[in-house]
Structures are given as structure tokens and as C-alpha cells.
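Everything on this sheet refers to the single structure shown next.
Bear in mind that the values here come from a model prediction, so they are computed numbers and not experimental data.
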There are 2 protein chains.
Amino acid sequence: MPKVKQFNREKVLEAAANIFRQNGYNGTSIDDILKATGLSRSSLYDSFRDKHSLYLAALEFYKHTENHMFEEAGKKKLNGIQKIEYVFKEVVNYLATHPDDNGCLMVNAAAEMSKQCEQTAQIVCNNKDSIEELFTVWLDEAKKAQNIKLSKPAKTYGTFLYNTLCGLKVLSQSGASKSDLNNVVKLSLEALN
Amino acid sequence: MPKVKQFNREKVLEAAANIFRQNGYNGTSIDDILKATGLSRSSLYDSFRDKHSLYLAALEFYKHTENHMFEEAGKKKLNGIQKIEYVFKEVVNYLATHPDDNGCLMVNAAAEMSKQCEQTAQIVCNNKDSIEELFTVWLDEAKKAQNIKLSKPAKTYGTFLYNTLCGLKVLSQSGASKSDLNNVVKLSLEALN
DNA sequence: ATGTAGTCGGAATAAATATTCCAATGAATT
DNA sequence: AATTCATTGGAATATTTATTCCGACTACAT
């Protein structure tokens, strides 16, 4: 049998996602990636085809990571509203405690790449749809349990909450403090009537 | 007297801002800029120093353009709330009617450059502060005129509205429809109690 | 008309870039 | 121990990049 893989694919994708998040796609060189992932040049091209394919793989990985956090929230013994609160608390906490991480790879991808790369646009769009949908499900859950009464379709509020989420990720890159972010979350949640 | 300038500085900055908005800083080459602005290579370096300085100048120009629209809203015979409504309507309309413009240069700069370039971070931060402040003034105005009663400091709502604004600019790059954007605005404005 | 000084076009440069290629390495099976 | 083959390091390549430089041009005051 041949030599076994010396690197862990998930660790590599995580490191790649981090470096792309910091510098953007066009701002990250192959050498940057090699340094960040510890990969050899050959391994990168052998296992991930090229820089662009690695970027898309890292973006997908990032999406799954974030979705995983959302699904964890979904499994908790909380009502719909509390799940939403939990998710926003997690996001704000992450943004505030990782000031050097340059926000969110997905938002950065939407800003930098969605008009240059159709595949990125697809991932960004799918991500929006799935998170929006998750919010919507939780809102319907809360409505059925009579924790809340929505004067509009739940989907409308789902979009609103996703908009808040995207805003937070930009705001954290624009010099906002943690209490700023918390206040935004508080007002957004109070808007659910 | 020497030959007079053959190009209009504002037009150049506008064209530069547009191409940077579409491709990002690192995604835009000098050749892209020359094509977009009609400038000669020599003129670019003579009049704008280098690519990076041109980027910062274009970002400042973009900021002034957006601020101008906001100040126009401020001059209208509208109450505070109506001014806010007007501004959001303008933004949504622009985003929806310019699908190829890749959103907002300021948001894209925050995402792509704020961690790589201290000067960009400064401009982004100043922009946040001034727009937030404008919202806050208008909210205070509306409160004084008893068009609204705010249960929290006006500044808190100002930040919230700026967050909504940033969200909209990301959302429009993530496949959201115009009615999605309108619904987000509607819910955000209803949150002002 | 002539001189002046900023403008322009494009060649030249120098550096950075993504990607390919190949020989050497090393882990696991036989 | 020998064989196997993916992995690895690094040199080599080809392209793109930002920037500089210089000669030609042109609009204006004299």
C-alpha cells in the first residue's frame, strides 16, 4: 500500500477558509495558503486541483461548519424564539472574540466574488436560502406554541433575520463594539411581533 | 500655459469606484482601470500616484456620493421618519435596478480590505459613524415632533438602521429579490417604537 | 510662430503570480 | 528486505502584475 495521506482534509479546509476570510480570494497567494495549511505545493494541486477549486471547497466547508452550529441550536430543548436568540448570541460572541478573523467568509465571498464567479454566487445563494428557511421553521414553531404572534408570513421575518445576521457581520468589520452588536440583536428580536 | 487636463477627476473617480465595486481591489488590474476610466497609464500614475491611492480616493468619492444622497433627503420637507423611509427606498431601488453593480463599494471594502489596509478601515469606520449619526438625528427629530416614541436611546436605533442598511447590500448580492429587500425595510421601520 | 510644460502612448522593467514537473521520500504491504 | 505508489520539496515555467520611463504630442501664453 502507498503512503497514507499526511494531512487531514478538514483541517486543511478550515485553515484555507481562515486565510481566505482574512485576505479574500484575490488577496491570498498560493504561498499564503501553503503557510496557513502546512500543505506542500504538490499536495495542494494533487488533492484540491487548483486555488479556485480549493476556495470553493473551503467555502462549502465553512457553510457546513456554520450550518452545524445552527443545527446544534435546533436540537436544544428551547422554543423557536430561544433557538434564534441562541444562534445570534453565538454569532455575536464569535465576532466579538475573534476581531482578527475578518468577519464571515460567506459575506466576504458575496461581496468579493459573487459577481466574478457563478459557483460562488450559487453557494452564497444556497446559504441564504437554508439559513432563512431555518429561521422560518423556528418562527413557525414559536407561533404554533403561541410564544409569538406574527402579523406577516414567517418567511418574511426569516428574511429579515437573515438580513440582520449579514448586517452584523459587516458591522463587526466597520468598527462596531460588542454592545453595538448586542443592541442590534435585541432590537431585531423585539421586531418579531 | 501648459496643456490643460484632458480628463475630469470626478468622472475618473466614479468610473474607478464602479470597477473596484465590481471586481474588488485585488481583482481589479491596472488595465481594467485604464479601460474603465479611459485614462492613460501615465496620467493615472501622474494624477493618482498608484493603484492603492486611487482606490482610497475612489472610496472617499463613493462615500461623498452616498452622503450627498443622504443630505438631499435631509433637506426635503419630510419628518424624520419619512427621511429615513426615503433613504431606504432610494437604496433598495438602486440595488434592485443595478444588479450588475455588485452592491456597495463601502460594504465590499469592509469585507475585502478593512483587515488588510488601515486606511480603508478608517474610511469604513467613519462612514458608519456619520450615517449612524444621521439616522440618530432624524430619529431624535421624529421623537421631538412626537411622530414616534423611542423606548431606547436614538443612537441605539441608529445603529440598528445602519445594520439593516449593510444587510440589504449583502442580501442583494445573495440572490434576494426586490420585494425581499422591501420587506426587510418595512419590518425594520416597524421596529422603531 | 514659437516655446513651455503638462499630458499621453506604449515599450521596458521588475516583481509576484499560479501552475507544472520531476526526482526523492517514506509508509505500508508482500 | 523489497516493492509499491501517493506524497513531498523545490526548481522551472509561463503568465500576469504594478510601476517606471521616455519620446512624442498638444494646448496655451507670448
Side-chain angles (χ1 to χ4, degrees), chain A residues 1-59 105 108-109 112-113 115-120, chain B residues 1-59 105 108-109 112-113 115-120:
Chain A
M1 239 202 209
K3 189 175 175 183
V4 83
K5 263 208 170 67
Q6 299 289 295
F7 58 85
N8 175 296
R9 185 178 168 88
E10 298 215 334
K11 292 252 181 222
V12 167
L13 288 178
E14 188 182 355
N18 277 330
I19 195 71
F20 280 130
R21 171 165 54 177
Q22 277 174 44
N23 305 331
Y25 175 74
N26 288 304
T28 304
S29 72
I30 296 287
D31 285 340
D32 291 335
I33 298 170
L34 299 186
K35 198 183 295 177
T37 60
L39 234 54
S40 76
R41 198 173 301 273
S42 321
S43 299
L44 190 160
Y45 283 94
D46 280 355
S47 300
F48 298 97
R49 188 174 199 99
D50 58 20
K51 181 186 173 184
H52 188 248
S53 302
L54 175 63
Y55 179 74
L56 294 175
L59 194 57
L105 180 59
N108 297 358
E112 186 191 359
M113 297 296 287
K115 276 291 173 304
Q116 295 177 56
C117 169
E118 180 55 40
Q119 295 151 296
T120 298
Chain B
M1 236 199 211
K3 187 174 174 183
V4 83
K5 264 210 171 64
Q6 300 289 295
F7 58 85
N8 175 295
R9 186 178 167 86
E10 299 215 333
K11 292 253 181 219
V12 167
L13 288 178
E14 187 182 356
N18 277 329
I19 195 73
F20 279 129
R21 171 164 56 177
Q22 276 174 45
N23 305 331
Y25 175 73
N26 287 305
T28 304
S29 72
I30 297 285
D31 285 340
D32 291 336
I33 297 170
L34 299 186
K35 198 183 294 176
T37 60
L39 234 54
S40 76
R41 196 173 304 271
S42 321
S43 300
L44 189 159
Y45 283 93
D46 281 353
S47 300
F48 297 97
R49 190 173 199 99
D50 57 19
K51 181 187 173 184
H52 188 247
S53 302
L54 174 63
Y55 179 75
L56 293 175
L59 194 57
L105 180 58
N108 297 359
E112 186 191 359
M113 298 296 286
K115 276 291 172 305
Q116 296 177 56
C117 168
E118 182 54 39
Q119 295 151 297
T120 299

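- Side chain of Ser43(B) to main chain of Leu39(B): no donor-acceptor pair is present (N/O by atom type, distance under 3.5 Å, no hydrogens or angles).
- Following rounding to the nearest Å, Phe7(A) (CZ) and dA27(C) (P) show an atom-to-atom distance of 16 Å.
- Side-chain atoms of Ser53(A) do not come within 3.5 Å of backbone N or O of Arg49(A) as any donor-acceptor pair.
- When all heavy atoms of Ala36(B) and Ala15(B) are compared, the closest pair comes out as O-CB, 3.5 Å.
- Put simply, CG on Asp50(A) is 8 Å from P on dT20(C), counting in whole angstrom units.
- Following rounding to the nearest Å, Asp46(B) (CG) and dG9(C) (P) show an atom-to-atom distance of 12 Å.
- Relative ring orientation between Phe7(A) and Phe48(A) is described as tilted, the plane-to-plane angle lying within the 30° to 60° band.
- The distance between atom NZ of Lys51(A) and atom P of dT20(C), rounded to the nearest whole Å, is 14 Å.
- Between Phe48(B) atom CZ and dT7(C) atom P there is a gap of 11 Å when expressed in whole angstrom units.
- A donor-acceptor pair under 3.5 Å is absent between the side-chain atoms of Glu112(A) and the main chain of Glu112(B), judged by distance alone.
- Taking atom OH on Tyr45(A) and atom P on dC22(C), their separation rounds to 17 Å, with Å as the unit.
- Regarding Arg49(B), its CZ atom lies at a distance of 15 Å from the C1' atom of dA18(D), rounded to whole Å.
- Side chain of Lys51(B) to backbone of Asn26(B): no donor-acceptor contact under 3.5 angstrom is found.
- For the residue pair Gly27(B) and Asp32(B), the shortest heavy atom distance occurs at O-OD2, 3.8 Å.
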Atom pairs under 3.5 Å, N or O on each side, protein against nucleotides 9-13 of chain D: can you list them with distances?
| from | atom 1 | to | atom 2 | distance (Å) |
| --- | --- | --- | --- | --- |
| dG9(D) | N7 | Ser42(A) | OG | 2.8 |
| dG9(D) | O6 | Ser42(A) | OG | 2.4 |
| dG10(D) | O6 | Ser42(A) | OG | 3.2 |

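- Scanning all heavy atoms of the two residues, the minimum distance from Ala109(B) to Leu59(B) falls at CB-CD1, 3.9 Å.
- Listed for the Lys115(B) side chain is no donor-acceptor partner under 3.5 Å among the backbone atoms of Arg21(A).
- Within residues 29-36 of chain B, the residues that place at least one heavy atom under 4.0 Å from DNA chain D are, in residue-number order, Ser29(B), Ile30(B).
- Taking atom CG of Leu44(B) as the reference point, atom P of dT19(D) lies 9 Å away to the nearest angstrom.
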